[in-house]
Amino acid sequence: MSLPVQHLWLIPALPLAAAAVGALTPRSGRTLAAGAAIATMAGAFLLACLALGGALDFPAAHQVLNFAWFDLGATSLRLGLLLDPLTAFMCVMVTFVSLLIFIFSTGYMKADANAKQFFCFLSLFAAAMLGLIIANSLLLLFVCWELVGLASYLLIGFWFHKPAAAAAAKKAFITTRIGDLGFLLGLLWLQDAQGTLLFYDGGHGILESAALANLTHLLPCGLAASTAIGLLIFCGAIGKSGQFPLHVWLPDAMEGPTPVSALIHAATMVAAGVFLIARVYPLMAADQLLANVPVHALTVVAFIGAITALMGALIAVAQNDIKRILAFSTVSQLGYMMLAIGVGSWVAAIFHLLTHAFFKALLFLGAGSVIHAAHHEQDIRRLGGLRPKMKVTFATFAIGMMALSGVPFLFSGFWSKEAILHAAHGWEVSSLPFYAAVLGVVLTAFYMTRLVAEVFYGAPRSDEASHAHENSPAMTVPLVILAACSILFSLLAWPSPWLQHQLDPSAHSESGDMSLVLPSIVLVALGLGAGWAYYGRRPRTKAESPDPLDRYAPGLMAALANRLGFDELYAATVGRLSSGFATLAAFLEVFVWDGAVRFLAGLGELSGLVSRENDEAGFNAGFDAGSKTLRDTGVAYSKAQTGDAHGYLRTLALGFVLLLILVILGGAR
């Protein structure tokens with residue numbers, strides 16, 4: 001039994017219906033909203049599994065359902081749904097991880113008075129992401145892409161009474177809009193060039209060979225049209241997936257409730273950018289055979305990914321907020337995924353995206369369990385000693401930590417990381433991304449060991465940590481399930497090419513190449529060992545104790561703790577530029593445009609005054625005088641109209657006499 005592409009719309013429709021229920025439910029209807037969210041997500045997961053079965057029956061096929069949205073004259077704007085292994089695997093991952101996060105949220109948000117609205121926003125978030133995944137149209141994908149941005153804004157700023165949360169929501173929304181502007185320009189350019197935005201349309205879609213051949217011509221700047229369009233679309237992915245230099249919003253997104261952090265960093269928003277570039281990979285790679293272009297789109301993707309992977313890992317080393325450490329870890333891991341796409345292995349990127357979803361959701365929910373138990377204490381320096389108090393959380397968190405660190409061979413993160421390293425090692429353009437990825441491996445193992453040692457080992461370093469205890473099954477059961485998935489997913493790992501063949505049957509398998517496994521193991525062991533030597537062997541005893549690395553490189557650690565000053569840099573450059581433009585706009589508004597309007601208004605008022613004076617003293621006065629004379633004459637004449645016949649006869653007789661006298665006098669002359 002499988003789900004045909006005609007019914008694929010049901011997968012996002014179910015959580016969208018739950019969002020509608022949550023929106024219409026009274027504030028007291030927390031149970032109804034949560035139940036609807038969980039039930040519909042469970043249904044969406046079952047439908048996604050059926051869709052996966054249908055996709056795996058024909059892994060090389062792109063099953064599509066295209067339809068007209070509306071007509072513009074003779075032109076019909078068409079949208080579509082797409083079912084292939086990439087769509088199906090992503091739908092299964094998003095629905096499954098979201099379902100566990102929804103269940104976890106029932107415990108985490110139990111005391112929140114506005115929990116009903118929270119589940120409404122969660123469902124909207126998941127529905128938008130699922131709509132994005134099943135789209136066979138770049139336009140439909142963009143619509144859902146923007147809905148994801150809206151939902152993230154609502155969730156990051158859910159505790160809007162906190163100034164930091166409100167500021168983080170605005171920062172995330174505005175920063176991602178910068179990237180989305182490039183995405184929109186690329187979309188419009190592609191529509192103008194191809195006349196369609198459908199991915200697959202019987203040979204006429206924008207990802208099919210005929211359309212791609214039309215985009216290989218060179219522009220006046222020397223770039224191929226496909227390169228320019230691909231880089232514009234990549235701008236959207238840079239914003240959504242927190243890539244350098246638009247990564248600054250992602251750590252601040254931690255101001256939202258922890259389930260939001262898990263959803264953003266594991267299953268939804270940040271995964272959207274990687275998915276987008278994987279989906280349009282044929283477009284991004286269309287310029288690979290052109291030797292006379294200055295830069296290829298995938299080369300830019302690879303270097304941006306390498307910079308992001310290394311930068312995120314470096315900054316995570318010096319962070320003290322448990323969620324910010326994981327946030328910069330996500331930045332780093334997303335960089336690995338982009339690096340993999342850039343070096344030509346989008347399959348490795350999606351494999352790491354899938355494995356990362358499970359263990360990163362596990363880590364964020366584990367962090368949420370710690371925060372909830374420690375009365376919302378997030379500073380790892382003020383925790384410690386939680387291992388015997390929270391045994392389930394510790395065990396599952398440790399599994400997530402080892403999966404993220406790439407501990408062999410049991411954990412899925414090791415295999416997906418290895419796939420990326422092998423792809424980067426074989427890239428002929430440059431070795432720099434590979435070396436950045438290798439250094440990131442050591443740093444990842446180091447900062448995750450630091451995190452576990454600071455939180456779970458040693459003695460409690462605050463009252464909050466001293467009184468911590470294990471949470472309810474609603475919060476611990478999802479942790480156990482995600483921990484099991486972080487291990488079991490290794491069955492689909494890189495040495496077995498099954499997943500690779502399902503995602504891309506034409507891809508070349510490198511399953512026999514194990515040349516980097518031993519060096520990778522050594523690098524992971526080096527990071528784990530260094531982390532334990534500095535933080536686990538002699539745990540800190542006081543929250544105020546300095547970090548061991550501060551003794552060796554205080555300046556570097558301060559810079560990393562300050563996130564390399566990107567926020568200050570943007571405030572001093574883009575922020576000041578924006579403030580300058582705002583000041584100029586205010587000056588023009590007050591002293592130029594407003595002054596011009598006031599001047600014109602004064603002229604109009606003066607003209608009205610002059611017109612009124614002329615009207616009153618000239619036209620009105622003359623007309624009034626003439627009217628008065630006529631009126632007086634009429635009054636005088638009316639007095640002669642007495643109605644007395646004898647008087648009229650006397651007047652006629654008198655007139656006759658006067659006339660007769662005048663005639664006689666005239667005759668005498």
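Along the sequence shown, residues carry numbers from 1. Since the model is a prediction, treat every value here as computed from it, not as a measurement.
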Nearest heavy-atom contact between A272 and S241 is C-OG, 4.5 Å
V5 and Q63 have their tightest heavy-atom pair at CG2-O, 3.6 Å
How long is the span from the CG atom in L482 to the CZ atom in F364, to the nearest 0.5 Å?
-> 13.0 Å
Look at the rings of F102 and F119 and say which category their plane angle falls in: under 30° parallel, 30 to 60° tilted, over 60° perpendicular.
-> perpendicular
For V295, does its backbone N or O pair with a side-chain atom of T299 as donor and acceptor, under 3.5 Å?
-> no
With sequence neighbours excluded, tell me which residues meet ring pair (Phe, Tyr, Trp, His ring centres under 6.0 Å) with F359.
-> H356
Who pairs with L231 by side-chain contact (heavy atoms from CB on, under 4.5 Å), at least two apart in sequence or on another chain?
-> T227, A297, V300
Salt bridge (Lys or Arg N to Asp or Glu O under 4.0 Å) filter on D84, not counting sequence neighbours, yields R279
Does any donor atom in the side chain of S412 or T355 lie under 3.5 Å from an acceptor atom in the other side chain?
-> no
Determine the interplanar angle of the H62 and Y200 rings, folded into 0 to 90°, and report it as parallel if under 30°, tilted if 30 to 60°, perpendicular if over 60°.
-> parallel
Return yes if a side-chain donor-acceptor contact under 3.5 Å exists between Q288 and H296, otherwise no.
-> no
Does T196 use its side chain to pair, donor to acceptor, with the backbone of L198 at less than 3.5 Å?
-> yes
For residues I206 and L212, report the shortest heavy-atom separation together with the two atoms involved.
-> O-CD2, 3.3 Å
Might you point out which heavy atoms bring L79 and S137 nearest each other, and give the distance in Å?
-> CD2-OG, 3.6 Å
When rounded to the nearest 0.5 angstrom, what distance separates CD in Q502 from CG in L86?
-> 12.5 Å
How far apart are the closest heavy atoms of G22 and A33, and which atoms are they?
-> CA-CB, 4.2 Å
Can T444 and K417 be counted as having a side-chain donor-acceptor contact under 3.5 angstrom?
-> no
For E146, enumerate each residue passing the side-chain contact (heavy atoms from CB on, under 4.5 Å) test, keeping only those at least two apart in sequence or located in another chain.
-> F142, R177, D180
For D201, salt bridge (Lys or Arg N to Asp or Glu O under 4.0 Å) partners two or more places apart = R78
Determine the interplanar angle of the F409 and F414 rings, folded into 0 to 90°, and report it as parallel if under 30°, tilted if 30 to 60°, perpendicular if over 60°.
-> perpendicular
Atom CG in L263, atom OG in S98: separation rounded to 0.5 Å?
-> 4.5 Å
Does the side chain of S520 come under 3.5 Å of the side chain of E418 through a donor N or O and an acceptor N or O?
-> yes
Verify whether the ring centers belonging to W145 and F183 lie closer than 6.0 Å.
-> yes
With sequence neighbours left out, write down each residue that passes salt bridge (Lys or Arg N to Asp or Glu O under 4.0 Å) with E208, or none if nothing qualifies.
-> none
Might you point out which heavy atoms bring L421 and A437 nearest each other, and give the distance in Å?
-> CD2-CB, 3.7 Å
What distance separates I341 CD1 from Y336 OH, expressed to the nearest 0.5 Å?
-> 15.5 Å
OG on S261 to CG on L250, rounded to 0.5 Å | 9.0 Å
Kindly compute the distance separating OG1 (T40) from CD1 (I11), expressed to the nearest 0.5 Å.
-> 13.0 Å
